[in-house]
Amino acid sequence: MTPRLRVAPSPTGLLHVGTARAALFNWLYARRHGGVFIVRVDDTDRQRSTADFETRILEALRWLGVDWDEGVEVGGPHGAYRQSGRYDRYREVAAQLLEGETAYRCFCSPEELAQRRKEAQRAGRPPGYDGRCRSLKAREAKRRQQAGENHVVRFAMPRPGVTIFEDMVRGEVRFDHEVIDDFVILRSDGSPTYHLASTVDDVDYRITHVARGEDILPSTPRHIQITRAMSAPEPVYAHLPLLHGQDGRKLSKRHGATDVGEYRLRGILAEALFNYLSLLGWSIGPEATIFSPQEAVESFDLADVSSSPAVFDPVKLEWMNGEYIRNHISAAEFSVRARPYAERHLGVPLSDAEWQQAVPVLPLVQERVKLLSEVGPQLSFLLEAGIEYHERSWRKVMRAQTVEPVLSEALSALGQLGEWRTETIEETLRGLLARLEVSARRGLQPIRVAVTGSSISPPLFESLAALGRERTLQRLEGARARLSR
RNA sequence: GGCCCCGUCGUCCAGCGGCCUAGGACGCCGGCCUUUCAAGCCGGUAACGCGGGUUCGAAUCCCGUCGGGGCUACCA
């Protein structure tokens, strides 16, 4: 049987890295086994779901390199793959369950429920629904329903009973129905809850493997019971370890960036995020850290996924990103990818000619950045008309006695330089420093600050070569003038 | 509180009864290189939560304990 897997984001926010990782693992498994990967949208929370979030989630998934064979936007044999369009189907299933008496109408008001929950808690009983309406006679329920009385539909958990299943990552898991209340499947407004909609979709879409976050492990017996009540085959479940923040709690907004788009904006490469995320709870082998999606596909198995939670470490992600920037994309590719980040940093689009100025130093920048967003700051001395002196840099290097003579000599020597090339510039400046008996370290830094505005920049000679003689001389002049202020 | 899951360096992973004096990666520390910053290279730091068993032998199996996390909605 062809494996069919899915990821089901809720468009109530942007793509969370946890959801992205779940998508990745499902995708890897599907690709590994020649299966079908599906993206459906779980938008039963009508209050918080938006079309904009949905668009951006799908965009982020594609950016990450996760494509899907069936689902929203690409279609397939099962319709639109969006829960909001399937309410009739969920109501139909609810009606069948009602018919088969595996579900019942509950007329308890939210106020009553809250009241009884409080009492139960005080008495040390479980706080879930007490099952009061379960014993209502069918005729009585029918009458009240037809009288227009507000009600929900609840699933009748088999009692007594226990649900046992084999989780692909955790092994055998069992839940006694004692601790699972008769949960709502249809709200009073007729809309389905997550438990119903998700389960019906998994059944209808013939999902064979459900790999999702461990946070829904306690809900799984509910889903299994609904599936059985529908007389449908049960999928295999795999509950993935949660992603945690540095404090050991479930990764959330307060830990910093949690959505994929934010990492993209910072200049994380999709390849790096893909690689990093796949290493959270899984490993491709004892030694390998950097690997391609293709390699991951070749050895991935849900059964190899770890069962303990993983702390999401942005520092390691950035290291890996630097690794990808340096060693896994070409200079040409780097130029293309870095440009939008540089433009955003400058706040204006660049013409091709303007960007062309940066090309000679780009490979040097490529070696030194961990994030694409660092490219702008590294290049601004080249791409902006004027420069601003970084105060701390200035104070640190421009106060020495040797600075004035170095700048003056450089000004005249570079002014007379025949051919403006990296090599000739280097030769000239080194010769000059030798004559003045100033070390490279002490002599080159003032020139760097004078010309780039900062003590941190790409290598100096290449930078001057790219900047051109005219602007170099202007800046040396400007810095010398500023010295005497 | 109840139920469930989890427990190897600070972090991510390897380990699936003897290859373990526990391996790799990030980080951190030190050194080399060096025009700054990076990168690179070399070296170092650091863990099987604890207690019982089982076994000739346990990080690996079992029990307990402690610790952490998740769930406990007409949210998903």
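As the structure is a computational prediction, the values presented were derived from the model and not from experiment. Residue numbers begin at 1 in each chain, while the letters A, B, ... track the order of the sequences.
- Within the shown strands, rA25(B) is the pairing partner of rU11(B) under the Watson-Crick or G-U definition, both distances less than 3.5 Å.
- Of the residues in residues 387-411 of chain A, not one comes within less than 4.0 Å of RNA chain B through any heavy atom.
- Within 4.0 Å (heavy atoms only), Val184(A) reaches sugar-phosphate atoms of the nucleic acid but no base atom.
- Using modelled atom types, one side-chain atom of Asn321(A) and one backbone atom of Lys370(A) make a donor-acceptor pair closer than 3.5 Å.
- For Glu323(A), taking side-chain heavy atoms from C-beta onward, the closest of the listed nucleotides rA76(B), rA73(B), rG40(B) is rG40(B).
- Using a 30° and 60° split on the angle between ring planes, His151(A) and Phe107(A) fall in the tilted class, from 30° to 60°.
- A side-chain donor-acceptor contact under 3.5 Å links Thr424(A) to the backbone of Arg421(A).
- Distance noted for atom P between rU55(B) and rU60(B): 16 Å (whole Å).
- The side-chain tip of Arg337(A) does not point at the ring of Phe334(A) from less than 6.0 angstrom away and within 45° of straight on.
- Near RNA chain B, meaning a heavy atom under 4.0 Å from it, residues 443-450 of chain A has Leu444(A), Gln445(A), Arg448(A) in order of number.
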Protein and nucleotides 9-15 of chain B: nitrogen or oxygen contacts under 3.5 angstrom:
residue : atom : partner   : partner atom : Å
rC12(B) : OP1  : Val311(A) : N            : 3.0
rC12(B) : O2'  : Leu279(A) : O            : 3.0
rC12(B) : O2   : Lys316(A) : NZ           : 3.3
rC13(B) : OP1  : Gly281(A) : N            : 2.3
rC13(B) : O2'  : Ser283(A) : OG           : 3.1

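- Every side-chain contact (heavy atoms from CB on, under 4.5 Å) that Arg125(A) has, sequence neighbours left out, goes to Ala120(A), Ala123(A).
- Looking at residues two or more places apart in sequence or on another chain, you find no ring-ring contact (aromatic ring centres under 6.0 Å, His included) involving Phe381(A).
- Backbone-only engagement by Arg154(A) is indicated by non-hydrogen atom pairs under 4.0 Å involving sugar-phosphate atoms exclusively.
- Within the 4.0 angstrom heavy-atom criterion, base atoms lie near His195(A).
- Using a 4.0 Å heavy-atom distance criterion, Gly248(A) is classed as a sugar-phosphate-only contact.
- Base pairing analysis places rG67(B) opposite rC6(B); the two distances defining the Watson-Crick or G-U wobble pair are each below 3.5 Å.
- When the P atom of rC71(B) is taken as reference, atom CZ of Arg249(A) falls 10 Å away, rounded to whole Å.
- Under the rule for a salt bridge (Lys or Arg N to Asp or Glu O under 4.0 Å), Arg435(A) has no partner lying at least two apart in sequence or in another chain.
- The side-chain tip of Arg266(A) points at the ring of Tyr263(A) from less than 6.0 angstrom away and within 45° of straight on.
- Of the candidate nucleotides rA76(B), rG24(B), rC71(B), rA76(B) has the atom nearest to the side chain of Asp42(A).
- Checked against ring-ring contact (aromatic ring centres under 6.0 Å, His included), Trp394(A) has the following partners two or more places apart in sequence or in another chain: Tyr389(A).
- Considering only side-chain atoms of Pro110(A), the nucleotide from rC74(B), rG1(B), rA76(B) that sits closest is rC74(B).
- rA39(B) makes up no base pair with any nucleotide shown, lacking Watson-Crick or G-U wobble contacts both under 3.5 Å.
- Here side-chain hydrogen bond (donor to acceptor under 3.5 Å, both in side chains) pairs that include residues 277-287 of chain A, with residues two or more places apart or in two chains, number zero.
- Residue-level contact check: Arg125(A) touches neither bases nor backbone, having no heavy atom under 4.0 Å from any strand.
- With rC6(B), rG23(B), rC5(B) as the choices, the nucleotide that has an atom nearest any side-chain atom of Glu287(A) turns out to be rG23(B).
- Residues forming a side-chain contact (heavy atoms from CB on, under 4.5 Å) with Pro405(A) (at least two apart in sequence, or on another chain): none.
- For rC74(B), its base sits under 3.5 Å from the side chain of Ser188(A) at one donor and acceptor pair at least.
- With sequence neighbours excluded, the residues satisfying salt bridge (Lys or Arg N to Asp or Glu O under 4.0 Å) with Arg430(A) are Glu426(A).
- Evaluation of the salt bridge (Lys or Arg N to Asp or Glu O under 4.0 Å) rule for Glu388(A) yields no partner, not counting sequence neighbours.
- At least one test fails for Arg174(A) against the ring of Phe165(A): distance under 6.0 Å to the centre or angle within 45° of the axis.
- Non-hydrogen atoms lying under 4.0 Å from RNA chain B are contributed by Glu367(A), Arg368(A), all within residues 360-370 of chain A.
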